[in-house]
2 protein chains.
Amino acid sequence: MRLLIVEDEKRLALSLAKGLTAEGYAVDVVHDGREGLDRATTEPYDLVILDIMLPGLNGYRVCAALRAAGHDVPILMLTAKDGEYDEAEGLDTGADDYLTKPFSYVVLVARVKALLRRRRAAGASPVHVHGDLKVDTAARRVWLGGAETELTAKEFSVLEHLVLRAGEVVSKADILEHVWDFAYEGDPNIVEVYVSALRRKLRADLIRTVRGAGYRLETAP
Amino acid sequence: MRLLIVEDEKRLALSLAKGLTAEGYAVDVVHDGREGLDRATTEPYDLVILDIMLPGLNGYRVCAALRAAGHDVPILMLTAKDGEYDEAEGLDTGADDYLTKPFSYVVLVARVKALLRRRRAAGASPVHVHGDLKVDTAARRVWLGGAETELTAKEFSVLEHLVLRAGEVVSKADILEHVWDFAYEGDPNIVEVYVSALRRKLRADLIRTVRGAGYRLETAP
DNA sequence: CCTCGACGATCAGGAGTCGCATGCGGTCCA
DNA sequence: TGGACCGCATGCGACTCCTGATCGTCGAGG
C-alpha cells in the first residue's frame with residue numbers, strides 16, 4: 001500500500017511518515033500543494049493524506065483538482081482546529097474523511113486503515129498487473145504468465161515494494177528502509193540477495209539493475 | 001454472525017459483549033460514533049447495536065450516514081428512557097428496531113435474534129460456499145463435500161473469520177483480535193492450535209499457511 | 001584496447017525463527 | 001461428578017534469513 005503525505009510542517013510530516021512506514025506502508029512526502037497534485041496525478045497511490053493549509057495550492061484546491069481529473073484515490077484531510085476552514089467544505093470538495101489538528105497518531109492510523117478497508121470493501125482490487133506478472137497483495141500470491149510462484153515473506157515484500165513503484169528506479173537504501181526496519185543496520189547486500197532470488201524464481205529480466213542507482217521493475221513485456 | 005456494539009458506557013458494552021459472545025456471536029465493541037461508523041462501513045457485520053447518546057457522532061447521525069452510504073445492515077438502537085430523544089426519530093433515520101434503557105438482557109438477545117431471522121427471511125443468505133466447503137454462519141453448521149462436521153464454538157469462530165476473508169491472508173493477530181477479546185493478550189499459538197484442529201476435522205489443504213504472514217482459506221477447488 | 005577498481009551477483013552454512021503436534025490442568029456446564 | 005472445551009507450555013522439525021566470501025561484470029581512464 002502506497003501513501004502520499006502532503007504536509008508543509010516538516011516535523012509533523014516526518015513523524016507521520018516514520019510511523020506509517022513502520023506500519024508497513026510505502027510512504028512519500030511532499031511539502032507543497034502543487035507538488036502534491038503532481039505526484040498524486042502521476043503516481044498510483046492508495047491513499048493521500050492532505051493538509052489544508054499549504055503553500056502553493058491549498059488542500060481544497062488540490063482535492064478538487066484531483067477529483068476533477070477523475071482520480072478516486074481516498075483522501076484524508078487534515079484541518080486546523082481554529083475554524084478558519086470548514087470541515088464540511090473539505091468533504092464537499094471530495095475528501096473521504098477529515099481529521100482535526102491536533103490529533104493523536106493512533107487515531108490517524110485508525111482512519112487510514114478504515115479508509116483502505118472501505119476501499120477494499122467497495123471492490124477495489126489489490127491486484128497489480130505488469131506484463132505477464134500478477135501480484136495480489138491481499139492474498140500474497142504471485143503469478144508469472146499464469147503459473148503461480150511461491151515466494152517467502154521477505155521475497156514477497158521486496159517484490160511488492162518494487163511493484164508499487166513499477167517502472168521507477170528504487171534505490172537499495174529505499175528498499176532497506178521499507179522492507180526491513182527503518183533503522184536497519186546491516187549490509188545492503190541483503191537486497192541484492194533477495195533480488196537475486198526473485199530473478200531466479202520469476203524471470204531474470206524482470207528486475208533490471210541500474211548501476212549506482214538501484215533496481216527497476218520492467219513494465220513493458 | 002458478526003455483531004458490532006457502539007456504546008460509550010463501557011460496563012454495559014462489556015457485559016453485552018460477553019453475553020453475546022457466549023451466544024456464539026463474534027462481537028466487536030467501539031465506544032464512539034465515528035469509530036462505529038468507520039467499522040460499520042468497512043467491516044461485514046450482520047447486525048449493529050447502536051446507542052443514541054455517543055461522543056463524537058450521535059447514534060442518529062451514524063445510522064443516517066450508514067443508510068446514506070447504502071448499507072442495509074440491521075440496526076438495533078438503544079435509547080434512554082428520559083425522552084430527550086424520540087424513538088420514532090430513530091426509526092425514521094433507518095433503524096430496524098429500538099430498545100429503551102434500562103432493558104433486560106434476555107429481551108435484547110430476543111430482539112437481536114428476531115432481527116437476524118427477519119433478515120434471513122428476507123433472503124439474505126448467511127451461507128458461504130467455497131469449493132466443497134459450506135458454512136452456515138447463522139446455524140453455525142459446516143459441511144464438507146455434503147457431509148456435516150461438528151465443530152466447537154471456537155473452532156467455528158476461527159473458521160468463520162477465515163471464510164469471511166476467503167482468499168486473503170489473515171494474520172494471526174487479526175484472528176486473535178476478532179475471535180478472542182479485542183484486547184486479548186495471549187499467545188498466538190492458540191490460533192495455530194485451532195487451525196490445526198480445523199485441518200484435522202475438515203481437510204488439511206483447506207487452510208494454507210503463509211509463513212510469516214498468516215493463514216489463507218483456499219478458494220479454488 | 002587493456003587494466004584496474006568498484007559495484008553487483010551468487011553461493012553456502014549456521015543461527016534463529018516460525019509453525020505444528022501433543023499433553024496437561026482448569027473451568028464450565030449438564 | 002464426569003465430560004467437553006479451552007488456554008497454555010514444551011519440544012521438535014523445517015524453513016527462512018542473514019552473513020561472509022568468492023566470482024563476475026561494467027565502465028572509466030590510461
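Chain letters run A, B, ... following the sequence lines, proteins first, then strands; residues in each count from 1.
- In this structure, the separation between CG on Leu144(A) and NZ on Lys201(A) is 13.0 Å, given to the nearest 0.5 Å.
- Neither side chain, Arg2(B) nor Ser157(B), offers a donor N or O lying under 3.5 Å from an acceptor on the other.
- Side-chain contact between Ile49(B) and Leu20(B) is present, with heavy atoms from C-beta onward closer than 4.5 Å.
- End-to-end axis angle of the helix from dC1(C)-dG30(D) to dA30(C)-dT1(D), using five pairs per end and rounding to 10°, comes to 30°.
- To the nearest 0.5 Å, atoms OH (Tyr194(A)) and OG1 (Thr152(A)) are separated by 5.5 Å.
- Among the atoms of the strands shown, only primed sugar atoms or phosphate atoms (P, OP1, OP2) are found under 4.0 Å from some heavy atom of Arg199(B).
- By the 4.0 Å N-to-carboxylate-O rule, Arg208(B) lies too far from Glu148(A) to be salt-bridged with it.
- Among all heavy-atom pairs drawn from Phe156(A) and Val142(A), the shortest one is CE1-CG2, 3.5 Å.
- By the 4.0 Å N-to-carboxylate-O rule, Glu218(A) lies close enough to Arg216(A) to be salt-bridged with it.
- Side-chain contact between His130(B) and Val135(B) is absent, with no heavy atoms from C-beta onward closer than 4.5 Å.
- Taking every nucleotide of DNA chain C with any atom under 4.0 Å from a non-hydrogen atom of chain A, the first and last of them, 5' to 3', are dA6(C) to dC11(C).
- Comparing Ser196(A) and Thr209(B) by the nucleotide of DNA chain C whose heavy atom lies nearest to each, the residue mapping closer to the 5' end is Ser196(A).
- When all heavy atoms are compared, the tightest approach of Val6(A) to Gly36(A) is CG2-CA, 4.0 Å.
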Detail all sub-3.5 Å separations between protein N/O atoms and N/O atoms belonging to nucleotides 13-20 of chain D.
from    : atom 1 : to        : atom 2 : distance (Å)
dC17(D) : OP1    : Lys154(A) : N      : 3.0
dC17(D) : OP2    : Thr152(A) : OG1    : 2.6
dC17(D) : O5'    : Tyr194(A) : OH     : 3.2
dC18(D) : OP1    : Trp180(A) : NE1    : 2.8
dC18(D) : OP2    : Trp180(A) : NE1    : 3.4
dC18(D) : OP2    : Tyr194(A) : OH     : 3.2
dT19(D) : OP2    : Tyr184(A) : OH     : 3.4

